[in-house]
Amino acid sequence: MKIYYGDFHIHIGRNNLDQIVKIPSAANLTLANIAKEALMSKGLDIIGVVDCASPLVLKDLHSLVDQCHMKEIPGGGLLYQERLLVLLAAEFELGGDRGGSAHFLAFMPTLKQMEEFSKRLGAAVTNINLSSQRAAGTPQQWFDIVAQMGGLLIPAHVFTPYKGLLGNMAESVTTVLTRKQIQSLAAIELGLSADTAMGDSIPEFTSVSFLSNSDAHSLPKIAREYNVLMMKELSFTEWKKALFRQDGRGVIANYGLDPRLGKFHRSRCLGCGAQVDKYRPPMNCSRCGSDRILWGVLDRVRYIGTDLPTPAHRPPYYYQIPLEFVPGVGPKTLRRLIQRFGSEMAVLHRASEEELAEVVGAKLARSIQGARTGKLAIAHGGGGEYGKVLPDIAD
């Protein structure tokens with residue numbers, strides 16, 4: 001068994017002909033650039049590219065395979081430069097019975113299966129070339145469709161008020177999926193404003209694996225959250241076994257932002273911007289009286305969640321601040337660190353504070369150590385604005 005680092009929610013901004021795939025995303029967020037950044041700079045072993053149902057992306061995938069930069073491997077998935085497993089996924093939106101909607105991620109093992117899924121999804125959306133389109137049909141229907149096609153359907157950023165299953169669509173998973181489907185869930189994605197403790201407040205998630213992914217819309221945001229997996233080798237089959245905790249495989253750690261940094265952590269008034277410290281409706285702003293309140297993840301979880309014990313199988317969740325968030329770590333400093341240690345994963349997991357100090361000085365090395373252990377001071381985020389990392393280390 002080996003340890004692998006993975007981020008399973010990365011968007012493509014444009015294809016190699018500069019045609020838009022995901023709005024809004026960075027123009028240089030191409031498939032080739034993503035693979036290179038994930039492997040060479042971030043130090044990841046597995047990525048999930050979630051716009052692969054787009055025919056524009058499928059063409060790029062075939063081109064990289066034809067050029068021998070990627071190859072399909074036994075067990076599913078594509079291998080880039082012999083070292084990075086690329087999982088093929090598609091993000092799309094589904095509506096609920098009560099007016100809300102949510103994003104879901106459909107993972108497929110092979111190019112052929114993703115092409116078949118693209119045709120199926122294309123018949124249900126307005127524009128299959130663009131990612132994250134609203135599709136006709138229910139989550140129950142699409143869960144079965146994806147399973148029948150050999151894939152996995154995973155709810156994305158489940159608690160966020162923007163397109164989260166429990167943040168925007170429903171107050172209970174049981175109103176969205178059947179009991180049998182819930183029992184068959186491989187995983188759910190927590191989202192940037194949530195952590196394991198929040199996820200474990202939902203009874204239906206007790207046996208489900210949690211994923212902490214970046215939902216990256218630019219190259220620097222790749223691996224701002226990531227997962228550590230124990231697997232035998234790189235393949236879709238091994239990844240699937242890890243999510244279901246089969247044969248000694250599993251997700252053995254989640255690394256993510258402190259939820260306070262998430263842009264949907266606390267409820268905010270959309271009228272005046274004030275934080276709203278309530279978690280039960282009716283919610284009104286104490287400053288201006290407006291009822292235009294965007295629920296934060298923490299407040300939403302307090303409303304719909306239950307005080308439950310942490311299941312024995314749940315791995316640790318480590319608060320970790322991405323290097324680009326650390327005050328004083330600009331692009332030049334980050335390049336120096338990667339040149340010295342090989343990748344961001346090496347800086348975050350293997351370099352000692354003394355070794356860091358040799359490159360960036362003692363003060364910044366101390367801040368990076370604080371970022372690795374989640375001890376930097378933080379100003380809360382909410383209402384669509386990210387929280388901020390403060391220069392001082394928290395006590």
Side-chain angles (χ1 to χ4, degrees), residues 5-13 22 24-30 33-45 47-48 84 157 190-193 195 212-228 254-265 318-351 353 355-357 359-381 384-394:
Y5 296 94
D7 177 2
F8 313 127
H9 190 152
I10 300 172
H11 282 286
I12 291 177
K22 172 66 178 179
S25 285
N28 68 344
L29 198 64
T30 64
N33 286 344
I34 288 167
K36 182 178 179 181
E37 178 76 8
L39 179 63
M40 305 306 294
S41 296
K42 300 297 181 178
L44 295 173
D45 304 295
I47 58 172
L84 178 72
H157 40 74
L190 293 167
L192 300 180
S193 297
D195 59 13
S212 45
N213 297 322
S214 69
D215 195 357
H217 287 61
S218 66
L219 291 173
K221 295 296 187 289
I222 294 172
R224 59 180 166 180
E225 295 202 347
Y226 56 93
N227 312 272
V228 185
N254 300 106
Y255 283 84
L257 298 173
D258 187 311
R260 293 175 298 169
L261 282 170
K263 63 181 180 179
F264 298 116
H265 179 59
Y318 297 105
Y319 292 159
Q320 191 175 84
I321 295 168
L323 293 174
E324 67 157 340
F325 280 46
V326 179
V329 179
K332 290 183 179 179
T333 300
L334 188 53
R335 280 196 297 272
R336 292 200 340 256
L337 287 167
I338 292 173
Q339 276 184 340
R340 170 64 175 81
F341 299 105
S343 68
E344 287 192 32
M345 289 299 113
V347 174
L348 291 168
H349 290 278
R350 292 185 282 277
E353 187 173 342
E355 290 173 323
L356 292 170
V359 180
V360 298
K363 183 177 180 180
L364 189 50
R366 182 169 176 261
S367 292
I368 293 173
Q369 177 66 12
R372 298 197 294 192
T373 56
K375 292 183 178 179
L376 291 181
I378 291 170
H380 288 213
E385 295 183 5
Y386 287 107
K388 294 180 181 180
V389 179
L390 304 176
D392 296 328
I393 294 179

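Index from 1, following the sequence.
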Check whether any side-chain N or O of [X] sits under 3.5 Å from a backbone N or O of [Y] as a donor-acceptor pair, and report yes or no.
X	Y	value
Arg372	Val347	yes
His11	His217	no
Lys42	Pro220	yes

Spacing of [X] atom [atom1] and [Y] atom [atom2] [to the nearest 0.5 Å]:
X	Y	atom1	atom2	answer
Ser212	Gln320	OG	CD	10.0 Å
Glu355	Arg350	CD	CZ	11.5 Å
Ile34	Ile222	CD1	CD1	5.5 Å
Ile368	Leu337	CD1	CG	5.0 Å
Lys22	Ile10	NZ	CD1	14.0 Å
Leu323	Leu348	CG	CG	4.5 Å

Taking all atoms of both residues into account, what is the closest heavy-atom pair of [X] and [Y], and its distance?
X	Y	value
Glu225	Asp7	O-CG, 3.7 Å
Ser214	Lys221	CB-O, 3.2 Å
Gly328	Leu364	O-CD2, 3.6 Å
Ala38	Ile47	CB-CG2, 3.6 Å
Asp215	His157	OD2-CD2, 3.6 Å
Leu44	Gly6	CD2-N, 4.2 Å

With under 30° as parallel and over 60° as perpendicular, where do the rings of Tyr226 and Tyr255 fit, or are they tilted in between?
parallel

Steps toward side chain to side chain contact (heavy atoms under 4.5 Å, CB included) verdict (Ile338, Glu344)
CA-CA 6 Å; Ile338 292 173; Glu344 287 192 32; 4.1 Å; yes

Do Gln339 and Arg336 have a side chain donor and acceptor closer than 3.5 Å?
no

Do the side chains of Val389 and Pro327 get nearer than 4.5 Å, heavy atoms only?
yes

Test side chain to side chain contact (heavy atoms under 4.5 Å, CB included) on Leu192 and Arg224; report intermediate values, then the result.
CA-CA 9 Å; Leu192 300 180; Arg224 59 180 166 180; 3.3 Å; yes

Can His349 and Tyr5 be said to form a ring pair (Phe, Tyr, Trp, His ring centres under 6.0 Å), step by step?
CA-CA 11 Å; His349 290 278; Tyr5 296 94; 5.0 Å; yes

